[in-house]
Amino acid sequence: MKKSIFIFFIFFIFLYIDLFGSSWKVISKSRNYEISDVVCLGEIISVEKRDVLVKRIEIFKGTIKDTIITKIDNYSFIPRQGEVWLLYAKKLNEKEIYVSNNSWSRSFDNPFAIHSKEFPKPPPQNISEVEYEVIKKLNKSAGLSELRYDILSLRQLKNSLEFNEYKENNILLSNKITKVYNLFLILISAFVVLVIGYIPYKIRNFLKK
């Protein structure tokens, strides 16, 4: 038990040393969404060092193919095959995306982003194995709740943006129809005026004969 806590504590320390020695910086979820080309939910198909093949499950922002190579930053958690991840990524090209170490990307198996207030703190010393397991479960439950909430928020945001786009397109279409209709009325009015003016002219010519 003490060995497990010690390993976790050492991992925690080295993680922070690595992060603060890299280009890591705190970033909000909204800012991460803004600067990301792609935000999606995906299943890990295969892992080869830092190149991860991801199968798209649901897309919240951007466009990608059904499967795409995802390059993981050196200081990020390494995904494992079969995991489902929420990914905030930059698009390198049509076949590859890149996930930074300071993004809010995380999985259902390890639902913690380093920025999150739900990121687990080192466990207290001299606790029993039962207490340690309870703390782990509580931490994961809190992390999963935050992850599910973020996914719901992203889904609602996407639906809202799509609805606004649909509404704007309808307004543009309505404006075009109105312009065409007004032009049609103008042409009809001009035609009627010409006809009304032409008939008396023909009548006068007929009477003269």
Side-chain angles (χ1 to χ4, degrees), residues 23 25-45 51-73 79 84-108 111 113 115-116 145-209:
S23 59
K25 60 181 179 180
V26 175
I27 185 171
S28 67
K29 294 175 187 176
S30 58
R31 179 58 181 160
N32 200 177
Y33 177 88
E34 289 173 7
I35 64 175
S36 296
D37 299 315
V38 174
V39 181
C40 69
L41 204 59
E43 180 185 354
I44 308 302
I45 303 301
D51 289 351
V52 180
L53 183 63
V54 176
K55 179 182 179 182
R56 184 190 66 194
I57 296 175
E58 185 175 359
I59 190 82
F60 304 111
K61 181 183 179 183
T63 56
I64 56 172
K65 296 181 178 180
D66 291 339
T67 58
I68 194 163
I69 296 172
T70 304
K71 293 187 174 294
I72 304 295
D73 190 280
V84 175
W85 277 69
L86 173 62
L87 297 170
Y88 293 79
K90 288 284 188 181
K91 198 169 186 179
L92 300 178
N93 50 59
E94 291 302 314
K95 297 181 179 179
E96 297 177 322
I97 57 177
Y98 167 76
V99 174
S100 170
N101 64 348
N102 63 335
S103 78
W104 280 85
S105 301
R106 60 218 197 266
S107 71
F108 280 87
H115 317 282
S116 174
S145 295
E146 184 181 33
L147 175 57
R148 292 190 180 104
Y149 176 80
D150 288 352
I151 290 171
L152 286 174
S153 298
L154 287 166
R155 194 172 288 145
Q156 289 175 350
L157 177 59
K158 179 188 177 184
N159 291 338
S160 176
L161 292 173
E162 287 179 345
F163 175 75
N164 289 337
E165 183 181 0
Y166 172 78
K167 187 166 65 173
E168 288 175 3
N169 289 337
N170 275 351
I171 291 173
L172 290 174
L173 179 60
S174 177
N175 289 338
K176 288 180 180 179
I177 292 174
T178 300
K179 288 179 181 178
V180 171
Y181 177 73
N182 290 337
L183 178 61
F184 177 74
L185 288 179
I186 291 171
L187 292 174
I188 290 295
S189 299
F191 176 76
V192 170
V193 169
L194 288 173
V195 169
I196 292 174
Y198 181 72
I199 291 175
Y201 171 76
K202 292 295 290 184
I203 292 174
R204 285 196 298 269
N205 286 343
F206 177 77
L207 294 175
K208 286 179 181 179
K209 293 179 180 179

According to salt bridge (charged side-chain N to carboxylate O under 4.0 Å, His left out), does anything in residues 92-105 pair up with another residue at least two apart or in another chain? List the pairs.
Lys71-Glu96, Lys91-Glu94
side-chain hydrogen bond (donor to acceptor under 3.5 Å, both in side chains) involving Gln156 - partner list, sequence neighbours excluded:
none
Below 4.5 Å, heavy atoms only, C-beta onward: do Ile97 and Asp37 meet side chain to side chain?
no
Determine whether a donor-acceptor pair (N or O, by modelled atom type, separation under 3.5 Å) exists between the side chain of Lys29 and the backbone of Asp150.
no
Hey, does Ile35 have a side-chain heavy atom less than 4.5 Å from the side chain of Ile27?
yes
Decide yes or no for Arg106 and Leu86: does some side-chain heavy atom of the first lie under 4.5 Å from some side-chain heavy atom of the second?
yes
Rounded to the nearest 0.5 Å, what separates atom CG in Asp66 from atom CD1 in Ile57?
12.0 Å
How many angstroms lie between atom CD1 of Ile69 and atom CD1 of Ile64, to the nearest 0.5 angstrom?
12.0 Å
Could you list the residues that satisfy side-chain hydrogen bond (donor to acceptor under 3.5 Å, both in side chains) with Ser105, not counting sequence neighbours?
Ser103
Below 4.0 angstrom, N of the basic side chain to O of the carboxylate: do Glu58 and Lys158 qualify?
no
Derivation of the side chain to side chain contact (heavy atoms under 4.5 Å, CB included) call for Val54 and Ile44
CA-CA 5 Å; Val54 176; Ile44 308 302; 3.9 Å; yes
Which heavy atom in Ala113 sits nearest to a heavy atom in Trp104, and how many Å separate them?
CB-CE3, 3.4 Å
Using salt bridge (charged side-chain N to carboxylate O under 4.0 Å, His left out) as the criterion, list what pairs up with Arg31, not counting sequence neighbours.
Glu34
Who pairs with Glu43 by salt bridge (charged side-chain N to carboxylate O under 4.0 Å, His left out), at least two apart in sequence or on another chain?
none
According to side-chain hydrogen bond (donor to acceptor under 3.5 Å, both in side chains), who are the partners of Ser174, at least two apart in sequence or on a separate chain?
none
Spacing of Tyr98 atom OH and Thr70 atom OG1 [to the nearest 0.5 Å]
12.5 Å
Using side-chain heavy atoms (C-beta onward) and a distance below 4.5 Å, is Phe60 in contact with Leu157?
no
Quick one, Trp85 and Val52 - any side-chain contact, counting heavy atoms below 4.5 Å?
no
Are Leu41 and Phe108 packed together at the side-chain level, in the sense that at least one heavy-atom pair is separated by less than 4.5 angstrom?
yes
Considering only heavy atoms from C-beta outward, does the side chain of Asn32 approach that of Asn102 to under 4.5 Å?
no
So how far is it from Ile68 CD1 to Ile45 CD1, rounded to the nearest 0.5 Å?
13.0 Å
Rounded to the nearest 0.5 Å, how far does CZ of Arg56 lie from OG1 of Thr63?
9.0 Å
Enter the distance from Leu183:CG to Thr178:OG1 here, rounded to the nearest 0.5 Å.
12.5 Å
